Amino acid sequence: MTLDEIRKEIDEIDIQMKELFQRRMKAAERVAESKFRTKDKILKPEREEQVIRQLTAGLDKELEQEYISFVKKMMEVSRTHQYKKTIILGAAFEIACQKEELPVRQVCYQGLPGSYSEMAAGSMFPNCQYTAVSTFEDVFSQVSEGSSDIGIVPLENTTAGGVYEVYDLLLKYNLYINCSDIVKVEHCLAGIKGASLEDIKEVYSHPQAILQSKEFLKSRGITAKVSSNTAVAAQDVFRENDLGRGAICSIAAAKRYGLNILIEGINHNKENATKFVAVSKHLISRPNHNRIALVFACSHRSGSLASVLGIFGDYGVNLTEIHSRPDGKHAWEYLFYVDFTGNLQDERMRVLFYQLTEELPYVKILGSYESKQ
Ligand SMILES: C=C(O[C@@H]1C=C(C(=O)O)C=C[C@H]1O)C(=O)O
């Protein structure tokens with residue numbers, strides 16, 4: 001047989017399978033109608049196991065794994081179709097979100113004026129009243145108590161990775177991401193007046209800034225001490241007034257706290273940037289939003305994460321980020337944080353969340369925002 005002849009055979013098989021696929025989907029629709037009437041669940045794991053058992057009986061062993069994957073995917077798509085159908089029939093499933101932006105007056109961030117968080121706050125919410133607090137948790141509690149409308153926190157850096165404390169706080173305080181901004185991060189090394197680069201033996205900075213500058217520090221044999229924030233580090237260096245102490249901070253922070261800039265651009269990754277987000281007590285969806293943030297748990301068995309990610313694929317959304325965190329309750333079990341393309345007002349997203357809510361042990365929308373990337 002020539003390649004063309006084999007392909008002709010494949011085309012004929014595909015046409016037969018297309019017919020059968022349509023028949024199977026129509027049958028699944030009737031199942032969905034029945035389940036809608038009886039308020040039954042769409043997902044029936046025992047039935048799916050039975051289908052797999054029946055179909056693999058007597059199958060060529062060499063094809064078993066591939067065939068099981070094929071059947072599982074077919075049933076996943078069948079469920080997606082059933083969720084869509086039951087939503088059309090009127091299944092009571094809504095995403096509770098507000099459609100209108102709320103007025104923002106008070107904005108809170110961690111650090112001090114001159115910090116990268118302050119820059120993000122000013123760029124996302126200009127002309128507001130800003131409050132600087134000491135810790136990320138203080139930002140969350142201020143917003144949660146209502147003393148600030150919005151809190152600004154970093155979520156991820158292109159060099160140092162995720163700021164995982166913030167992921168945990170989002171859940172602890174039940175706040176939502178409304179807005180995001182990427183701030184280009186360029187660190188300088190700053191010292192007190194009269195200090196030269198050669199004098200600096202020890203630097204203060206935030207752990208992320210230390211990581212981002214670790215190659216520079218190593219090459220000069222400078223040791224690092226952790227501060228809560230880069231601007232706090234600059235202020236401490238000024239107060240301690242020691243020629244051998246420096247701060248890794250922004251140029252703005254160095255100037256603000258009366259330090260001299262000894263060298264600029266000490267971060268080794270020249271694409272160094274941090275994603276900041278604005279959090280509030282409200283899940284808000286606007287027509288310009290093109291990202292949704294979500295956290296979920298999946299069952300602790302092989303293939304379950306791949307199958308959840310497959311569901312996202314079935315709805316045609318692109319995952320733009322995925323992070324995992326220990327769930328804090330069971331050893332070696334995780335929560336998965338994902339960001340993906342989409343708008344909460346899109347009907348398809350309602351079906352997607354309906355399916356995820358029904359099929360996963362835990363799922364929560366963490367935010368909706370516009371990304372310029
Ligand atoms: C079609 C059904 O709904 C779902 C999809 C299945 C399938 O496509 O075979 C099987 C079980 C359910 O998870 C059903 O309950 O029979």
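None of the values given here were measured: they were computed from a predicted structure. In each ligand, atom 1 is the first atom listed, and ligand 1 is the first ligand listed. Atoms considered below: every heavy atom in the structure, side chains included; atoms not considered: hydrogens, waters and symmetry mates.
Of the protein's non-hydrogen atoms, the one nearest atom 8 (O) of ligand 1 is Ser78 OG, 2.7 Å. Among all non-hydrogen protein atoms, the one lying nearest atom 1 (C) of ligand 1 is Gln82 NE2, 3.4 Å. Given atom 11 (C) of ligand 1, the protein heavy atom at minimum distance is Glu48 CG, 3.5 Å.
The 12-atom threshold is not exceeded at CD of Glu62, counting heavy atoms of other residues, nucleotides or ligands nearer than 6.0 Å. Within 6.0 Å of NZ on Lys270 lie more than 12 heavy atoms contributed by other residues, nucleotides or ligands.
The N/O atoms of Arg79, backbone and side chain alike, include none that comes under 3.5 Å of an N/O atom in ligand 1.
Using bins of under 30°, 30° to 60° and over 60° for the plane-to-plane angle, the ring pair Phe140/Tyr173 lands in the tilted bin.
Using a cut-off of 4.0 Å between Lys/Arg side-chain N and Asp/Glu carboxylate O, Arg79 and Glu358 are scored as not salt-bridged.
Of all atoms in ligand 1, numbered sequentially from 1 with element shown, those under 4.0 Å from a heavy atom of Ile42 are 3 (O), 4 (C), 12 (C), 13 (O).
Considering OG1 of Thr320 and CD1 of Ile322, their distance stands at 10.5 Å, rounded to 0.5 Å.
Relative to atom 9 (O) of ligand 1, the option among Lys35, Arg24, Arg47 with the closest non-hydrogen atom is Arg24.
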